[in-house]
Structures are given as structure tokens and as C-alpha cells.
**Q** 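Attaching a single structure in C-alpha cells format; questions to follow.
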Amino acid sequence: MSRRLSERSIDHVVLERSEVANSWRTERWDSLRLLTPNWQCRLPGHSYQGDDPDGYMTMPEVVDFITGYAKHIAAPVRTGTTVTSVRRADDGYLVSTDNDEWECRTVVLATGAFNVPKVPAIADGVPEAIATLTPMTYRNPEALPEGGVMVVGASATGVQIAHEVQRSGRPVTLAVGEHVRGPRDYRGRDIHWWMDAAGVLDERYDEVDDIVRARRVPSMQLAGSPERANFDLNALTSTGVTLVGRLAGIRDGGAQFSGSLRNKCELADLKLNRLLDTLDEWATANGLDDVVPPPHRFQPTVVPEKSLLGLDLTSGVIKTIIWATGFRPDYSWLDVPVLDAKGLVRHDGGVVDSPGMYLIGAPFLRRRKSSFIDGACDDAQDLAVELAAFLDRPD
Ligand SMILES: Cc1cc2nc3c(=O)[nH]c(=O)nc-3n(C[C@H](O)[C@H](O)[C@H](O)COP(=O)(O)OP(=O)(O)OC[C@H]3O[C@@H](n4cnc5c(N)ncnc54)[C@H](O)[C@@H]3O)c2cc1C
């Protein structure tokens, strides 16, 4: 956004509570790599220049990439500056920080969509002897007690953590609700290559049938491993992970799982096949059928004949629970009435329901790719146009 504002000579400042790329420095586990390929780290006027475009960055590499970009574009960042309040003022907004105050006609909310782990209320019922973590407090399997681990949630975060914890010798039980299955590679290319090329990631917020639902769709079960491995449920069960249904409740020390595991897996298989149909159609229409290997389908998800419906959490079998149940943004500092009942900012493609206020970085803000690093490029372009027009408007 800063780069897009500079291009229009719009005077601005970027306030950052910690250091540039703070979320990648402090809020991720040790082994994490981007699940988006290096070539897809495209920012306005800058892209990956290394010798491994099809690889996946480690966290230190992401930090270098974003820090380097901030320097490259000479972004006017004030680090170590926490915004404590944003209020309406006569001609715009009053922004208070722990250092100073700013008056401005426009504000862009770019504080990220994944600030706080979402932990369901049923977590209150977890017996005290069990250690509980979130993806933001989890660092590596070695820091966990020996013994069984229950990972709750099977999206990108849950499957990645389940995989490495199981490999560390701690048997994992994975509670699986609604999820999005995805292969790392399809017909010889990265699935992100396909979705990018076929325009799936560019699908617009005003083109989908149900944008509220589209914004809640979980992340695809992917990881960026050097081996280009799949991280779907079949890959996990082949390493010994036990699948159970969605964690529905915890009562008297007992975990209760939904009986819908098979349905959820069948639905995810169906949706994967639909996505692959779309990609195949696009390949044919664009003359790629002679260039890439022929279409194929993946083995349906193998689900236990009878999945466990309950588990005694007081038996000592489970020593740790990791809540991989998603993240939410934190707007506790925002004193402008623009939040809906779920605490999310009300906006139309990033134009917030308050004059001169904009939002960037939220899921499906304007496009399916909006919450990826790669999404910022086009969204910032569109929002800078809106913001500039607002500033040009006569009072
Ligand atoms: C586990 C995980 C894995 C991901 N993997 C990928 C991936 O592989 N590829 C991909 O493209 N995307 C990935 N994402 C999404 C990724 O978060 C976004 O692509 C990207 O970080 C969005 O950047 P952002 O600047 O909008 O938000 P953030 O990176 O969250 O940055 C927000 C910044 O605002 C600062 N801030 C917050 N509140 C305040 C305040 N009150 N005052 C001052 N500063 C404040 C924070 O310190 C932070 O530096 C992943 C997300 C998660 C959670």
C-alpha cells in the first residue's frame, strides 16, 4: 500500500508496533515455510529474484524478502510504534500511538487478518493436566511433553503441525471438520501455478455467489516442503495419524467428536475433483494438453470404518492439545463503529463503512488471493485509486 501511495505522491506514514515483517518473525513455528511458491511472492514493482522460483521460503527468508522490499521502496515506516486508538475527528481521523498522535484524512487498516488464534469456548473443559497450545505458541515438537497429541483443525496449519508432531514419535489424533483438500502438484505443475494461471485466485469478491461464506473458507491443506510432499489426510494417515471427526464438545473430561468425518472427507474429495475439472477445462481451452501430462484424479480420502466418537482426556493418553482452529484479526484499538457482530470490519472490497477508511490483507477482500502476499499487489492498486479519489474530492 505504501508503494502504491508513493507512486501517487500521497504523503503517508506506516506505523508498525514492532519491526517490519513482525508476524513472520514472531508468530510462526520453526519449521514453517510459505505454502505459496517463491515466484508467487510478487509485490508492487518487486518479485523474487533468487535461483529457486519453484521452492518455498523459510521464515528467515520471508523476513529478508519483506524487509528488503521496505528498504527498496523506502517505505516511511515508524517501527516500535503501537497504534492504541483510531477515532473520528473533524476532518478525518485521530490516530493515537504509544509515542505520539497523528491527524490524517485517510487511514488504511493493514494490521493483518491473523493476529489472534481462534480457540473455541469448549477449550474451557480441557483437564488441567493437559498442555494446550495454539499455532502462535507452538514452536516445534521437541518442546512438547512426550505422549499423545490432539491437533484440533485440519487446514494448512493443523495438517502441517500434525505431520511433524507425529514424526517426532508423539502419536497424533487429528480432529477434522470442514477442510479443503489440495495436492501440491497436479499434471507436473504446482497447484498454485494452476490456480494462478487459470484465474481461480483472481476471482473477484463481487463475482462469487456467497462472499460471506467465501471469506470463511478454510485454507487448503498444503505445505511448502522441499520434497513437494502432499499434506492431505491420506498422507497423514500413512504416517500413523489417527483421524477423528470435528471436536464437538468436552464434557467431564471426555472429548466428543462429530460422526461426520466421512461426509466431510467425501465433500472435500468432491470439491477437489471439481477444482481439477475446472483446471483441466482451462488447460484444454488454452492448448496445454500436449504440453503437460494428462489429467488424473487422486485416491479418495481413506476414512476409518468406524471413527472414534469419544476420547477420555483424563486417561493420560493425550498430553497436549494444539488448537489449529483458525485466526482472527484484532481491532481492539479501533474506536470507529465499523465492526460487525463477529468483530470483522464492514467493508465493500476494502472500502470501509467510514469515509476515508480502507482495509487491506483480509480474506477475499477483493479477490480470492487477497490474503496471500501475492494479493496485496492488485488490492493495493485498486485501493490507492479509491483513496486518491477520496482525497481529491472537494470538502
Ligand atoms: C500460519 C500462517 C501461514 C501463512 N502462510 C502464507 C503463505 O504461505 N503465503 C502467503 O502468501 N500468505 C500466507 N499467510 C498469510 C499471511 O499472513 C499474509 O499473506 C500476510 O502476512 C499479510 O500481510 P499483512 O501485512 O496484511 O499482515 P501481517 O503480516 O499480519 O502484518 C500486520 C502488521 O501489523 C502490525 N500491527 C498489528 N497491530 C498493530 C497496532 N495496533 N499498531 C501497530 N502495528 C500493528 C503487526 O505487528 C504486523 O507487523 C499465512 C498466514 C499464517 C497465519
Side-chain angles (χ1 to χ4, degrees), residues 1-3 13-43 48 55-59 61-63 65-67 69-70 75 77-86 95-100 102 107-118 134-136 138 153 155-161 182 184 190-192 195-196 201 218-220 222-225 231 324-335 350 358-363 365 367-377 379-380 383:
M1 192 69 206
S2 176
R3 164 71 191 240
V13 66
V14 182
L15 305 179
E16 166 56 53
R17 64 181 166 190
S18 182
E19 291 176 73
V20 171
N22 176 49
S23 59
W24 302 105
R25 288 175 199 271
T26 63
E27 296 174 355
R28 310 283 191 254
W29 59 98
D30 297 347
S31 67
L32 181 66
R33 286 173 179 263
L34 290 188
L35 54 76
T36 42
N38 291 337
W39 58 261
Q40 208 177 19
C41 289
R42 296 172 289 207
L43 292 168
Y48 175 80
Y56 310 94
M57 285 186 205
T58 61
M59 289 305 101
E61 288 167 343
V62 181
V63 170
F65 180 76
I66 294 177
T67 314
Y69 181 66
V77 186
R78 306 261 174 142
T79 53
T81 303
T82 301
V83 174
T84 52
S85 152
V86 174
V95 177
S96 306
T97 80
D98 53 355
N99 293 329
D100 45 18
W102 297 81
V107 172
V108 181
L109 312 175
T111 46
F114 312 106
N115 308 113
V116 188
K118 271 198 257 176
T134 69
M136 286 192 182
Y138 171 81
S155 294
T157 297
V159 295
Q160 290 182 35
I161 293 177
R184 183 68 272 178
D190 193 299
I191 192 73
H192 266 263
M195 293 196 295
D196 181 62
L201 293 172
S219 56
M220 194 177 255
L222 284 181
S225 71
F231 277 70
T325 32
F327 302 89
R328 63 176 173 80
D330 173 18
Y331 296 118
S332 53
W333 44 271
L334 185 57
D335 297 316
Y358 304 91
L359 171 71
I360 190 161
L365 184 94
R367 299 169 174 84
R368 194 178 293 282
K369 67 183 177 188
S370 285
S371 59
F372 288 123
I373 292 170
D374 193 45
C377 205
D379 286 1
L383 289 174

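Both ligands and their constituent atoms are indexed starting at 1 by order of listing.
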**Q** Please find the pair of heavy atoms, one from G112 and one from P329, that lie closest to each other, and give the distance.
**A** O-CB, 3.7 Å
**Q** Evaluate R33 for polar contact with ligand 1, using N/O atom pairs at a separation under 3.5 Å.
**A** no
**Q** So, is I373 polar-close to ligand 1, with some N/O to N/O distance under 3.5 Å?
**A** yes
**Q** Whether the side chain of R28 engages the backbone of P135 through a donor-acceptor N/O pair (distance < 3.5 Å, no angle test) should be reported.
**A** no
**Q** In the protein, what heavy atom is nearest to atom 35 (C) of ligand 1, and what distance, to one decimal place, separates them?
**A** E16 OE1, 3.3 Å
**Q** Taking only heavy atoms of L15, which atoms of ligand 1 are found under 4.0 Å from at least one of them?
**A** 43 (C), 44 (N)
**Q** What are the two closest heavy atoms between N115 and T111, and how far apart are they?
**A** ND2-O, 2.7 Å
**Q** Within the 4.0 Å heavy-atom shell around S23, which atoms of ligand 1 are there?
**A** 28 (P), 29 (O), 30 (O)
**Q** Got the closest protein heavy atom to atom 5 (N) of ligand 1, with its distance?
**A** W24 CH2, 3.9 Å
**Q** Say whether T97 and N99, considering side chains only, have a donor N or O and an acceptor N or O under 3.5 Å apart.
**A** no
**Q** Tell me whether D330 reaches ligand 1 (any heavy atom closer than 4.0 angstrom to a ligand atom).
**A** no
**Q** In terms of atom number and element, which parts of ligand 1 are under 4.0 angstrom from non-hydrogen atoms of A110?
**A** 32 (C), 34 (O)
**Q** Without swapping roles, check the side chain of S2 against the backbone of A75 for a donor-acceptor pair under 3.5 Å.
**A** no
**Q** Of all the non-hydrogen atoms in the protein, which one sits nearest to atom 24 (P) of ligand 1, and at what distance?
**A** G112 CA, 4.4 Å
**Q** Suppose we measure from atom 8 (O) of ligand 1 to each protein heavy atom; which comes out shortest, and what is that distance?
**A** L35 N, 2.6 Å
**Q** What is the closest protein heavy atom to atom 2 (C) of ligand 1, and at what distance does it sit?
**A** R28 NE, 3.9 Å
**Q** I need the single residue from E27, M57, Q160 that forms a side chain to side chain contact (heavy atoms under 4.5 Å, CB included) with L32. Which is it?
**A** Q160
**Q** Say whether T157, considering both its backbone and side-chain N or O atoms, lies within less than 3.5 Å of an N or O atom on ligand 1.
**A** no
**Q** Return the closest protein heavy atom for atom 3 (C) of ligand 1 as residue, atom name and distance.
**A** L32 CD2, 4.1 Å
**Q** May I ask you to identify the nearest protein heavy atom to atom 22 (C) of ligand 1, giving residue, atom name and distance to one decimal place in Å?
**A** S371 O, 4.7 Å
**Q** Starting from atom 42 (N) of ligand 1, which protein heavy atom do you reach first, and at what distance in Å?
**A** V83 N, 2.9 Å
**Q** Judged on heavy-atom distance to atom 38 (N) of ligand 1, which of V14, V95, T111, L334 sits nearest?
**A** T111
**Q** Are any of the N/O atoms in N115 less than 3.5 Å from those in ligand 1?
**A** no
**Q** Below 3.5 angstrom, do we get any N/O pair linking S18 and ligand 1?
**A** no
**Q** Strictly distance-based, threshold 3.5 Å: is any side-chain N or O of T325 a donor or acceptor partner for the main-chain N or O of K118?
**A** yes
**Q** Report yes if N22 has an N/O atom closer than 3.5 Å to an N/O atom of ligand 1; otherwise report no.
**A** yes
